[in-house]
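As structure tokens, the structure follows; a few thoughts come after it.
Count residues from 1 along the sequence. Remember, it's 1-based here, ligands and their atoms both numbered in the order they're listed.
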Amino acid sequence: MPKKKSAPDWNYAPAPESSSQVNLAKRYDHFIGGKWTPPSNQSYFTSTNPATGKKIAEVADGSPTDVEAAVKAARAAYKGSWGKMSGRERGKYLYRIARLIQERAREFAIIETLDGGKPIREARDIDIPLAANHFFYHAGWADKLDYAFPNQKTAPLGVAGQIIPWNFPFLMAAWKIAPALATGNTVVLKPAETTPLTALKLAELIADAGLPDGVVNIVTGAGETGAAIVNHGDIDKIAFTGSTAVGKLIQKSLAHTEKRLTLELGGKAANIILDDAPIDQAVEGIVNGIYFNQGHVCCAGSRLFVQENVFDEVMWKLKRRMDSLIVGDPLDKNTDIGAINSKAQLKTIQRYIKAGIKDGGEIYQPSCDLPAKGNWCLPTVFTNVAQSSIIAQEEIFGPVLAVQTFRTVPEVIEKANNTPYGLSAGVWSDKGARLFQLTKSLQAGVVWGNTFNQFDPTSPFGGFKESGYGREGGLHGLAAYLNLEFS
Ligand code: NAI
Ligand code: MG
């Protein structure tokens, strides 16, 4: 095995994206019934830029009274023009929203990066185009629901309450809103408190698209605002993406109600490298799986399983690759790893790193200058990790990888499935038969073969076990917003 060399000594010149064309207000109210509506208690909170700690805008803090107003508006729109509209007409609105997102993609990408800390390259190449794709895909279904579910009568559920997290703020808003509208529902959506701005800009875009008032309502706030949506008596369905702890709370609160529920929760994905895998591609897949979006990804490949006979090669190549990752200004087009979304999340990640060391893990982090201000975490890998170690068991939601080895396929299946989660997994091998043998046995909603973190609106996404239930995307995702009855 070659000796580890130091990091390459070349550097890229800074290539910052300009934020000059971004148009942000100093203060945002709720978007209710097509109107910007101040919070009933006059209270606002601040959304900051996690890369600088600077305040970006003030945002309304939603009270139960505000949620009540939003649900009323959504119900009125459902009973009114939207509920009566043909699928063909609904589809036109969805196409219009999709095209407007494409037109304003650059602005949305910059705001996503400013508010959440993710590298502009990802916001530009993944989050915003995929969000537009979700609207395009669902626009196509709006007038074809009878074909999507042959021999079944389809009817919308009514008003959907949707609560989303901070890791893919705009994309999650699209995942939630597009299928709900395609199937004829109306929506009250709450973005996460650290990343509300792209959802509020989406409200502006939706108004520009001429969507009837009240079809989409955006209420901002933290957990209490979310709970007011969950517990509102006139909501027919809750769609939640976030932590497993809050998902469980929501499930409990809905246990005695008729509300439909889909939960997309945490994960602890296994990324499995077999000894015949194309190692260079696999290393790229490992990096993409865990360092992408600072590891703020529910399906992040946070547990790496490497077959013993290729362990040295994989680790040598992985560390060399980590040495070349650029951590810093998320607006710089060269940046690979941006800012950790909040101080609280950074503390959580640091706590896990300490716990990993205490549990006997061997840590490696490349050396790299970090900006003086903001929330930063170096890409981190742990080897010598016991199956029982906290960093192999719990979701960290940061750029921290726990590596284990295995000798046989049955052994890795057992280890990979030994987790309360089951959202995603990855397998790397030269042989299709070996891939399929593993994909069949892994308890995960998505299993990627020779790739990682690929998303497509046509493909259902969701988890097993404590990763939640219900699917988003594809036909399964449409069904989650419909009452289906055999005719
Ligand atoms: P969280 O689950 O508290 O936040 C997600 C959303 O739920 C936010 O919009 C939040 O305002 C809302 N919320 C919070 N409490 C609520 C309640 N009682 N009722 C209704 N809505 C509520 O996640 P948090 O605290 O920001 O992150 C903690 C951990 O959760 C992370 O470290 C990560 O492990 C995990 N997480 C997983 C995500 C995923 O995509 N699966 C996304 C975000 C966090
Ligand atoms: Mg923010």
| query | Does the side chain of Asp29 come under 3.5 Å of the side chain of Tyr44 through a donor N or O and an acceptor N or O? | reply | yes
| field | Parallel, tilted or perpendicular: ring planes of His296 versus Phe397, cut at 30 and 60 degrees | value | parallel
| query | Is any side-chain heavy atom of Leu181 less than 4.5 Å from a side-chain heavy atom of His138? | reply | no
| message | So for Thr348, does at least one of its heavy atoms come nearer than 4.0 angstrom to any atom of ligand 1? | response | no
| said: Just by distance, no angles: are the side chains of Asp115 and Trp166 close enough, under 3.5 Å, to form a donor-acceptor pair? | reply: no
| field | Close aromatic pair by centroid cut-off 6.0 Å: Phe461 and Trp175 | value | yes
| note | Atoms of ligand 1 under 4.0 Å from any heavy atom of Ala192, numbered from 1 in the order shown, are 9 (O)
| request: Check whether any N or O atom of Ile164, backbone or side chain, sits under 3.5 Å from an N or O atom of ligand 1, and answer yes or no. | output: yes
| message | Can you check which of Thr220, Ile229, Val246 brings a heavy atom nearest to atom 16 (C) of ligand 1? | response | Val246
| query | Is there any salt bridge (charged side-chain N to carboxylate O under 4.0 Å, His left out) pair reaching into residues 460-474, and which pairs are they, with sequence neighbours excluded? | reply | Lys176-Glu472, Lys248-Glu466
| query | Can the ring centroids of Trp448 and Phe452 be said to lie less than 6.0 angstrom from one another? | reply | yes
| request: Would you indicate whether the side-chain heavy atoms of Leu346 and Asn341 approach each other to under 4.5 Å? | output: no
| field | Nearest-contact summary for atom 10 (C) of ligand 1 - protein heavy atom, Å | value | Glu193 OE1, 3.5 Å
| message | Nearest 0.5 Å, please: how far is CG in Leu401 from OG in Ser302? | response | 7.5 Å
| said: Can you tell me which portion of Glu224 lies within the under-4.0 Å heavy-atom range of ligand 1? Options are side chain, backbone, both, or neither. | reply: neither
| How close does the nearest protein non-hydrogen atom get to atom 34 (O) of ligand 1, and which residue and atom is it? | Glu395 OE1, 2.8 Å
| note | In this structure, atom 12 (C) of ligand 1 is nearest to the protein heavy atom Ile163 CG2, 3.7 Å
| task | Everything protein-side that's N, O or S and under 2.8 Å from the Mg ion (ligand 2): list it, residue and atom. | result | Ser47 OG, Thr48 O, Asp115 O, Asp115 OD1, Thr194 O
| So which bit of Leu265 gets within less than 4.0 Å of ligand 1, heavy atoms only: side chain, backbone, both or neither? | backbone
| message | Less than 4.0 Å is my threshold; does some heavy atom of Phe168 fall inside it relative to ligand 1? | response | no
| task | Return yes when at least one protein heavy atom is under 4.0 Å from atom 30 (O) of ligand 1, and no when none is. | result | yes
| task | State, yes or no, whether a side-chain contact exists between Asn23 and Glu107 at a heavy-atom distance under 4.5 Å. | result | yes
| said: With rounding to the nearest 0.5 angstrom, report the NZ to CD1 distance, Lys118 to Ile340. | reply: 12.0 Å
| Per-atom contacts of ligand 1 with Phe240, taking only distances under 4.0 Å to non-hydrogen atoms | 2 (O), 6 (C), 7 (O)
| query | Quick one: salt bridge (charged side-chain N to carboxylate O under 4.0 Å, His left out) pairs with a partner in residues 332-341, sequence neighbours left out? | reply | Arg121-Asp336
| task | List for me each residue that meets side chain to side chain contact (heavy atoms under 4.5 Å, CB included) alongside Pro165, sequence neighbours excluded, and say none if there are none. | result | Asn167, Met172, Thr241
| Ligand-side contact atoms (ligand 1) for residue partner Gly266, heavy atom cut-off under 4.0 Å | 41 (N)
| request: Please could you name the atoms of ligand 1 that Ala227 approaches to less than 4.0 Å, counting only its heavy atoms? | output: 19 (N), 20 (C)
| task | Note the single closest protein heavy atom to atom 38 (C) of ligand 1, along with its residue, its atom name and the distance in Å. | result | Phe397 CZ, 3.4 Å
| Nearest option to atom 39 (C) of ligand 1, as decided by whichever heavy atom of Cys298, Ser243, Ala344 sits closest | Cys298
| query | If you measure only the distance, is there a donor-acceptor pair under 3.5 Å linking the side chains of Tyr28 and Glu58? | reply | no
| task | Please could you name the atoms of ligand 1 that Gly226 approaches to less than 4.0 Å, counting only its heavy atoms? | result | 19 (N), 20 (C), 21 (N)
| task | Verify whether one side chain among Ser467 and Lys268 offers a donor that lies under 3.5 Å from an acceptor in the other. | result | no
| request: Scan the protein's non-hydrogen atoms and note whether one is under 4.0 Å from atom 25 (O) of ligand 1. | output: no
| Taking atom 42 (C) of ligand 1 as the reference point, the nearest protein heavy atom with its distance | Pro165 CB, 3.2 Å
| task | Using a strict 4.0 Å threshold on nitrogen-to-oxygen distance, state whether Glu112 and Arg124 make a salt bridge. | result | no
| ligand 1-proximal atoms of Gln345, by part, heavy-atom distance under 4.0 Å | side chain
| remark: For Ala222, the ligand 1 atoms with a heavy-atom partner under 4.0 Å come out as 11 (O)
| said: Just to confirm my output: which protein heavy-atom neighbour is closest to atom 14 (C) of ligand 1, and how far is it? | reply: Gly223 CA, 3.5 Å
| message | Suppose I only count heavy atoms of Thr241 and a 4.0 Å limit; which atoms of ligand 1 are within that range? | response | 40 (O)
| query | Are a donor atom and an acceptor atom from the side chains of Ser40 and Asp66 found within less than 3.5 Å of each other? | reply | yes
